2 protein chains.
Amino acid sequence: MERPERYHHGNLRQALLDAAEEVLIDGGIEALSWREIARRAGVSPGAPYHHFADKAALLTALAQQHLAELDHRFREVCTTHPEPHEQLRALGMVYVAYALEHPAAFRLMFRPEMGSPFGGASAETPVFGVLLQVVRACRAGATGDPAETERVACAAWGLVHGLAALLLDGPLAALATDRERVRALVATSTDRFNVDA
Amino acid sequence: MERPERYHHGNLRQALLDAAEEVLIDGGIEALSWREIARRAGVSPGAPYHHFADKAALLTALAQQHLAELDHRFREVCTTHPEPHEQLRALGMVYVAYALEHPAAFRLMFRPEMGSPFGGASAETPVFGVLLQVVRACRAGATGDPAETERVACAAWGLVHGLAALLLDGPLAALATDRERVRALVATSTDRFNVDA
DNA sequence: TCATATTGTGTACAGTGTTAAGATACGCTA
DNA sequence: TAGCGTATCTTAACACTGTACACAATATGA
């Protein structure tokens with residue numbers, strides 16, 4: 001989209017990611033076809049293969065971008081909220097909010113047909129790393145089993161992820177538009193989950 | 001598959017569902033194509049349109065079958081476990097176990113590109129109905145807000161659903177094969193979730 | 001300046017979901 | 001039992017899709 005008159009695009013890779021994002025927003029996942037992406041970037045359907053191995057690779061890269069953004073928001077939460085338990089509640093809100101704000105992108109991160117943009121669930125994993133850190137802070141000073149701490153972090157992730165998934169494509173979809181009820185649901189969920197050792 | 005030599009199949013509708021299930025098992029969701037299903041049922045690609053409006057309708061019907069089976073297992077749990085809190089823990093185990101046992105089918109139920117097999121989240125909703133009943137039993141005698149009870153049930157569903165989703169297609173996929181660790185994770189999750197009023 | 005690597009185009013192929021027109025067999029009524 | 005309407009299936013076609021390949025244009029570096 002930068003300099004259409006030239007033979008070489010300049011930075012097609014990013015242009016493709018932008019085009020994919022654009023398609024994703026106003027057409028959803030079903031509209032996200034390789035050729036449509038190339039079309040929007042003003043390029044022939046063969047060109048993208050010089051920048052991405054295949055469709056899955058492009059989509060994985062896009063998912064990673066969103067994952068990085070979500071990770072950024074997570075870290076922001078940690079700076080604006082002092083107390084660990086408050087941080088945890090805020091993280092839940094941010095997670096669900098992001099899912100509802102970027103539904104198609106959020107779904108993309110958990111599609112089985114492409115390589116998972118997360119690695120595993122370690123301290124270096126984008127979003128999970130922050131979560132694990134906060135959970136550790138909540139349980140600081142306790143003589144608890146470290147494996148249990150990890151399980152608790154996974155459970156916390158599962159909790160908010162499940163809410164997001166059910167709100168997006170599950171039976172709770174009807175609630176998704178009512179911001180206040182969503183907020184209440186997330187609050188109930190996190191408040192009732194006991195993190196402490 | 002019943003009487004292949006005849007022009008009319010007999011009960012093609014169920015044969016198509018069976019074929020779809022078969023494809024789903026040994027090929028995953030990606031292999032689940034309309035034509036492949038017809039092929040396995042020994043019929044031309046146009047024939048299924050007399051039984052299902054389109055691909056999404058077929059897949060929705062298949063998802064509903066699995067949902068009914070899961071609902072059945074849920075009700076079974078309620079009869080074999082007397083105490084509500086025990087029931088709740090057992091339901092969580094059964095939910096996650098079903099997801100890991102039938103991964104492709106489980107994913108099918110939450111695909112955005114087809115009509116959700118659940119209606120909303122009411123007492124009549126297949127799986128949620130049982131869950132709601134058990135949560136109510138846990139909170140019996142309390143003077144709690146009914147809306148809060150509903151939120152708690154939603155949160156409980158979110159908790160186990162999130163675990164299942166992360167184990168299937170998320171960063172917890174590496175754990176999925178280790179039955180004992182999965183069991184411990186689910187136990188930690190449900191035990192730490194406070195249902196009571 | 002010229003060979004080479006990079007990044008485009010164009011065409012082709014197999015496979016997809018869906019539709020429409022025509023062939024066949026079943027079930028009901030007379 | 002004969003005939004007819006209708007439900008069911010086949011065949012062929014359409015507009016797509018993702019990917020592969022040969023080729024062309026540009027950029028780069030010795």
Side-chain angles (χ1 to χ4, degrees), chain A residues 1-24 26-63 104 107-108 111-115, chain B residues 1-24 26-63 104 107-108 111-115:
Chain A
M1 301 285 212
E2 306 272 301
R3 298 184 290 181
E5 73 279 355
R6 303 187 62 162
Y7 188 89
H8 281 62
H9 188 287
N11 58 346
L12 182 56
R13 191 192 144 91
Q14 188 56 47
L16 287 168
L17 288 172
D18 294 349
E21 175 79 42
E22 201 183 304
V23 176
L24 211 55
D26 58 51
I29 276 196
E30 324 179 293
L32 225 179
S33 88
W34 186 254
R35 299 173 105 104
E36 176 64 20
I37 294 170
R39 215 170 286 139
R40 295 228 191 182
V43 106
S44 82
Y49 280 95
H50 289 281
H51 300 273
F52 297 99
D54 57 1
K55 191 187 177 187
L58 198 167
L59 267 40
T60 299
L62 185 58
R107 286 189 267 253
L108 207 55
R111 280 253 151 173
E113 54 262 41
M114 38 171 258
Chain B
M1 302 287 209
E2 305 274 303
R3 299 184 290 180
E5 73 279 357
R6 305 188 61 162
Y7 187 88
H8 281 62
H9 188 288
N11 59 342
L12 183 55
R13 191 191 145 90
Q14 188 55 47
L16 287 168
L17 288 173
D18 294 348
E21 175 78 43
E22 201 183 303
V23 176
L24 211 57
D26 59 48
I29 277 196
E30 321 175 350
L32 225 179
S33 87
W34 187 254
R35 297 174 105 103
E36 175 64 19
I37 293 170
R39 214 170 288 138
R40 295 231 192 179
V43 107
S44 81
Y49 281 95
H50 289 279
H51 300 273
F52 298 98
D54 56 2
K55 191 187 175 185
L58 199 169
L59 267 41
T60 300
L62 186 58
R107 286 190 268 254
L108 208 56
R111 282 253 150 172
E113 54 262 40
M114 38 172 256

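Each chain gets a letter, A, B and so on, in the order the sequences are listed, and its residues count up from 1. For clarity, every value in this text was computed on a predicted model and none was experimentally measured.
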*Roughly how far, to the nearest 0.5 Å, is the OG1 atom of Thr60(B) from the CZ atom of Arg111(B)?*
12.5 Å
*Would you say the side chain of Leu12(B) lies within less than 4.5 Å of the side chain of His50(B), judging by non-hydrogen atoms?*
no
_Heavy-atom pair of closest approach, residues Ala20(B) and Leu62(B)_ = CB-CD2, 3.9 Å
*Between atom CD in Glu30(A) and atom P in dG17(C), what is the gap in whole Å?*
14 Å
*Which of residues 47-55 of chain B have a heavy atom under 4.0 Å from DNA chain C?*
Tyr49(B), Asp54(B), Lys55(B)
*Please state how far atom CD1 in Ile37(A) lies from atom P in dT19(D), giving the value in whole angstrom units.*
11 Å
*dG8(C) OP1/OP2 closer than 4.0 Å to side-chain N/O of Arg13(A)*: no
*At what distance, to the nearest 0.5 angstrom, does CG of Asp18(A) lie from CD1 of Ile37(A)?*
11.5 Å
*To the nearest 0.5 Å, tell me how far Leu32(B) CG sits from Glu22(B) CD.*
11.0 Å
*Within less than 4.0 Å of OP1 or OP2 of dT11(D), is there a side-chain N or O belonging to Ser44(B)?*
no
*asked:* I want to verify a distance call: between dG17(C), dT10(D), dT9(C), whose nearest atom is closest to the Trp34(B) side chain?
replied: dG17(C)
*Does the base of dG15(C) carry an N or O that pairs as donor and acceptor with the side chain of Arg35(B) under 3.5 Å?*
no
*Euclidean distance, atom CG of residue Leu58(A) to atom P of dT19(D) [Å, nearest integer]*: 10 Å
*Step-by-step side-chain contact (heavy atoms from CB on, under 4.5 Å) determination, Ile29(B) to Arg107(B)*: CA-CA 8 Å; Ile29(B) 277 196; Arg107(B) 286 190 268 254; 3.9 Å; yes
*asked:* Is it the case that the ring center of Tyr49(B) lies less than 6.0 angstrom away from the ring center of Trp34(B)?
replied: yes
_For Ala104(A) versus Leu24(A), what's the shortest heavy-atom pair and its separation?_
CB-CG, 3.5 Å
*Using five base pairs at each end, measure the axis-to-axis angle across the helix from dT1(C)-dA30(D) to dA30(C)-dT1(D) and round it to 10 degrees.*
10°
*Give the rounded distance in Å between these two atoms: CZ of Arg39(A) and P of dT9(C).*
13 Å
*Rounded to whole angstrom units, what separation is found between the CG atom of Asn11(A) and the C1' atom of dT7(C)?*
13 Å
*Compare every heavy atom of Ala38(A) with every heavy atom of Ser44(A), then report the nearest pair and how far apart it is.*
O-CB, 3.9 Å
*Could you give the CG-to-P distance, from Leu32(B) to dT16(C), as a whole number of Å?*
11 Å
